[in-house]
There are 4 protein chains.
Amino acid sequence: MHPLNDMGQLLNLSAYQSRARSLLDPAIWQYLEHGASEEISLRANRTAFNNWDIPTRPLTNVNGGHTRQTLYGQELAHPILLAPIAYQRLFHEQGESASALAACAQGGQLLVSSLASQPLEYIAETSDSNLWFQLYWQGERERTLRLLRRAEAAGYCAIVFTIDAPVKQATLVLPAHIHSVNLESIPPYSAIKSDQSQVFDGWMAHAPTWDDVSWLRQQTQLPLILKGIIHPDDADTALKLGCDGIIVSNHGGRVLDGTPASLTMLPIISQRIAGQIPILFDSGIRNGRDIFKALALGASAVLIGRPYIWGLASAGAMGVAHILRLMRDELEMTMALSGCATLSDINSSKLFSNPSNQP
Amino acid sequence: MHPLNDMGQLLNLSAYQSRARSLLDPAIWQYLEHGASEEISLRANRTAFNNWDIPTRPLTNVNGGHTRQTLYGQELAHPILLAPIAYQRLFHEQGESASALAACAQGGQLLVSSLASQPLEYIAETSDSNLWFQLYWQGERERTLRLLRRAEAAGYCAIVFTIDAPVKQATLVLPAHIHSVNLESIPPYSAIKSDQSQVFDGWMAHAPTWDDVSWLRQQTQLPLILKGIIHPDDADTALKLGCDGIIVSNHGGRVLDGTPASLTMLPIISQRIAGQIPILFDSGIRNGRDIFKALALGASAVLIGRPYIWGLASAGAMGVAHILRLMRDELEMTMALSGCATLSDINSSKLFSNPSNQP
Amino acid sequence: MHPLNDMGQLLNLSAYQSRARSLLDPAIWQYLEHGASEEISLRANRTAFNNWDIPTRPLTNVNGGHTRQTLYGQELAHPILLAPIAYQRLFHEQGESASALAACAQGGQLLVSSLASQPLEYIAETSDSNLWFQLYWQGERERTLRLLRRAEAAGYCAIVFTIDAPVKQATLVLPAHIHSVNLESIPPYSAIKSDQSQVFDGWMAHAPTWDDVSWLRQQTQLPLILKGIIHPDDADTALKLGCDGIIVSNHGGRVLDGTPASLTMLPIISQRIAGQIPILFDSGIRNGRDIFKALALGASAVLIGRPYIWGLASAGAMGVAHILRLMRDELEMTMALSGCATLSDINSSKLFSNPSNQP
Amino acid sequence: MHPLNDMGQLLNLSAYQSRARSLLDPAIWQYLEHGASEEISLRANRTAFNNWDIPTRPLTNVNGGHTRQTLYGQELAHPILLAPIAYQRLFHEQGESASALAACAQGGQLLVSSLASQPLEYIAETSDSNLWFQLYWQGERERTLRLLRRAEAAGYCAIVFTIDAPVKQATLVLPAHIHSVNLESIPPYSAIKSDQSQVFDGWMAHAPTWDDVSWLRQQTQLPLILKGIIHPDDADTALKLGCDGIIVSNHGGRVLDGTPASLTMLPIISQRIAGQIPILFDSGIRNGRDIFKALALGASAVLIGRPYIWGLASAGAMGVAHILRLMRDELEMTMALSGCATLSDINSSKLFSNPSNQP
């Protein structure tokens, strides 16, 4: 059956997840869904949400409520951004451009990955609004700068610098027609000596440091947002170095297994930042109630990852748009039932801590 | 086999549940049993009871003990009320009238739903005593008032205003012969504009607010009880507005998934109300020990929902009556073994907090 | 195969349990193993042991250690008593006399049930030492006194008065040849009126109270031990009324589901009693490490129930003796590894509280 | 298929574990993997690691980092030692010598068991560096001393005295060609009397005590390390008696079930020792993140047991070396991602306590 013939059955995220699993090559599906090692952090990202309940507050007047806000000068219809997932043509032939189209149509925003499978200029043209660009360190400053300049030239309006994945470990052999079209080929690193460490003397020698963040801060006038903060001290350093925002994230549980759940660290980091710059959040969002909880614990907006890829794989741009709509509808319903008319009404007083609520 | 031929096998709630499942259309069964979304609150409503143990207190003299009390001027033989379940003809052809008959025969009380599938006057005639009427907001004051007046005219003696389900999401297509016979047809709401929210500008624009509670309070001399309180601040507001009682309830986990378990909030609300008005309780009661715990944590009476529908589906009025009898017997046995002769002996000193007691 | 032909395979309790299950009628097996209602207390009796760890203390000199103690004037080789299980001919044709023989051979003690399936005098003759008699209230003082006098005349040397099961609910139809041969037939209670409660006006009207304990205390010079204490206030009352001991027990989780685990209450009760009278313990003991934990938390001795019945069903007296030997060996090994040479070395400092240690 | 033909598939510990299981006799596999009794401590050894999270600390400069340290005068390339597993020819024909070879090749260290299945001199010759010898008490001082002297003569450079397994309970019948070739045959102990305890008067009469540790301390100039400390008081005593180190261990959960997890006790013991002597750790290590956590909680090095035997069984010395390499690589990656360049950077501030993180 053609994927779109029965879209009427795709009523919720779970249906999209099942559909995507049935359509994708098992290796690609595994690449999308997996977490690092034993997947302890992957699971913790989900179960952390169960520590918080949302008491209903009926009879509150929420007439005329909405989910709009301004973020880095952009008017967003809702606080749900699309995370910078790599190689989106793995999931649908229209790849990143379909995601950009959907984000734009739904009044949201796509973060285009450095590892996009389509030219970043092409993706930018897909969207009515200016997109955000996710920057991976390119092993050295010059090469990184050339990628940054190219994103600026293409009209991207914010730079999201991902800091928490210094090493890319190949977990999937990419098909021949899919690759990181936006990146210069990096010359092989000089071989390490026999008594050297592949980790310390090899990979990490090409990883960015806080010095590089200071340097990067001076290279661009665009908002600079650090993605991959999990420790409050690092949030503090980002603030001191002049970053315009942080994304609390453990990379969807894909980097270091046993790192704390993003949601566990969010309130601690939020208390440290104390509203001086926006905090964004990802890792574990699966429905509108999750979004509500992340906002209540200090996030200004959230990124979703795997869920919109389920939409992309199932039905291209239309699928991504539907996922966004489902999540926004559920966020609105959660707000209405908990007595919140606007995003600014959502704060920690709207939650009830319930650590025993684990399944 | 005729349902009644083997009633002898229906020795406990579990047997009734199995019987009902086997007799009902799967879609109707699912409609009865389901909880919202991932059913976190549905499960939490049950597991919350496990946080409390009931130490036995042998050798206490409980001779002549009983479960009687007076509530809103009515003598009740036991503190077990039947919750206002909608469309009871889905479960048995005699519908709400069978439930009313059973409640009356067992010295209890039925709360007749606004969404009853039989005329409220007809149901009222079934019962020797005056029933309670559950009122849903009818989108506006005038229409709501007409329904209230009709209930008053039919002799209902208490009004239970349900506040926690402002939006009815259709989860079941009703059979043609079953509908809400007591409600006026509501004209379609005016369409929302394209940039408006279905939730905020559509549904919630017709939801009741605290102002409507103040208004409603002035419309009737009957006891007015708010059903669906889960936050202590709302309990406080109900008290201040002159309500005669509240029902701590998360609507059986059917409205907002992730709202706290009713039993979790009961002692907090009970402490806030401090005995000034009766507190009733529902969501999660499955046996007499559960009733004992709810009473110990501050409830004057409890509502049961799904369990009596299992009785109704299995054997009509006789099944409902048997469910009530089973629950009351187990409540009495629990009282006797824990050294409580009357309901007033049941308080929090009779429980032992044991948060590690989860299965 | 004859049960004894492969006794070599019965190396541990688990093997005995499997053997017993395979040999017994399923209804009798269910009667033995079941707990009340949802079996929450049955499970809690086991999991409560997991809250305590036993740190090894190697290099301690425990040479010449032993498990002997004097209890109510009797020299016991070990602190493991056989609980008063009813109708033991259900499990083996030699019934209670086999258990008495095994207890005696192993230097322990059997508590003979009022509901024994063999004459109490016959059982007493089986044993070299004087047995303890478990007394159930016989509905009134005179009938109870006659049973007590008969036990005294037969040479029983301690009276264990079980207080926590005022109502016997039939969960098994006894075979024709097995019944409570030691009890007088009790005339039917006078019928309750239609507006009376079966629980309060029927059963509980014939249940013993603290006044009856005071009376019983005056009727005998034998040590009087109350079995079924779960609340510290009741332990206190037992002490004040001159009882010589208590047995902390929730009746193996068979009476009121949701009553706290015996082990949960043991340290609380032990603190209240403060060594003034011996505390015995039952409910949940399945191995020597459990015995060690109960002793460390304040028990002077423990009762085992279902485990020895597995031995009885599998191989009669020899099976019971083997179960006792297995448990004692494991208790000794636990003592040796934790650095305890005698029972008096076992106290709460030998445990490590570890509430997160649940499976 | 020959075991080495598909070594390419042995990419991680889990693959080695599966391979070993498929190659070994089931009884030998069970002997390797089992824990005492109900395996509560075996499981707790693993789950204790989940109580600690490792927050990523990106952007830290860890260039030139390494895992080297000096321990008892030896330069170790990494802190991963091979535990003294008995009878290694059960798992591979090259037995302990293969393990010694692998440890040496990877810059680590093997602890040779008293129960080695090859002559200790032969094993010593396999290795470039001086090995450590694990000493079991030989029932009396003279026999123990002869074994110690033999190890000294063979060039072993540290003595690890295992204190926590005073009784060897046979759980495996050794094949005829495998036995403890390094031990003198011990004459049968004198029979215990009928009223004596096999545990106290038999086995424990030949177990070492703290007096024997004092004596042993005076017999050798080599570093003396006590293996099997689980209680902080015992760590203290070891320190006072002049021991050069301790190994916090519950013997892999193989001795007393219900003893606390090694990792649970490590920080408590570490606080007591306060850096005066090195603390080593074993029981439960299965990956590089576990090693990181043990080091952060106070260990200077860790011992792995079952995992390297999986390597030995799968591919001899090459398998053991690969296991060490996999663990070291993962330790380095964990260090890099958590911002630690050297072992001395790893401390408790690098962990985040998260007791709710259980699966």
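This one's a predicted model, so the numbers in the text were calculated from it and none came from an experiment.
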Would you call D:Lys193-D:Asp201 a salt bridge at under 4.0 Å N-O? no
Looking at C:Thr334, C:Ile54, C:Asn63, C:Asn12, which has the largest count of heavy-atom pairs under 4.5 Å with chain D? C:Ile54
With the threshold set at 4.0 Å, does a side-chain nitrogen-carboxylate oxygen contact exist between D:Asp290 and D:Arg46? yes
Which answer fits D:Ile229, side chain, backbone, both or neither, if we ask what part of it has an atom under 4.5 Å from a heavy atom of chain C? neither
Any Lys/Arg nitrogen of D:Asp244 or D:Arg217 sitting under 4.0 Å from an Asp/Glu carboxylate oxygen of the other? yes
Quick check on D:Ile268 against chain C: is it the side chain, the backbone, both or neither that has a heavy atom closer than 4.5 Å? side chain
Please state whether the side chain, the backbone, both or neither of C:Arg289 comes within less than 4.5 Å of a heavy atom of chain D. side chain
With only heavy atoms counted, which part of D:Asp212 is less than 4.5 Å from chain C, the side chain, the backbone, both or neither? neither
Counting heavy-atom pairs under 4.5 angstrom with chain C, the leader among D:Ser197, D:Pro260, D:Ser41 is D:Pro260
When only pairs under 4.5 Å are counted, which of D:His251, D:Gln198, D:Glu38 shares the most heavy-atom pairs with chain C? D:Glu38
Part of C:Asn287 within contact of chain D (heavy atom distance under 4.5 Å): side chain
Between C:Arg57 and D:Asp234, is the closest basic N to carboxylate O distance under 4.0 Å? yes
Would you find more than 12 non-hydrogen atoms of other residues, nucleotides or ligands less than 6.0 Å from C:Gln271 atom CD? no
Aromatic plane relationship, C:Trp132 with C:Tyr72 - under 30° parallel, 30 to 60° tilted, over 60° perpendicular: perpendicular
Could you give me the CA-CA distance, side-chain angles and deciding distance for C:Phe352 and D:His231, then say whether ring pair (Phe, Tyr, Trp, His ring centres under 6.0 Å) is met? CA-CA 10 Å; C:Phe352 183 82; D:His231 196 289; 8.4 Å; no
Contact class of C:Ala77 relative to chain D, heavy atoms under 4.5 angstrom: neither
Please state whether the side chain, the backbone, both or neither of D:Ala207 comes within less than 4.5 Å of a heavy atom of chain C. neither
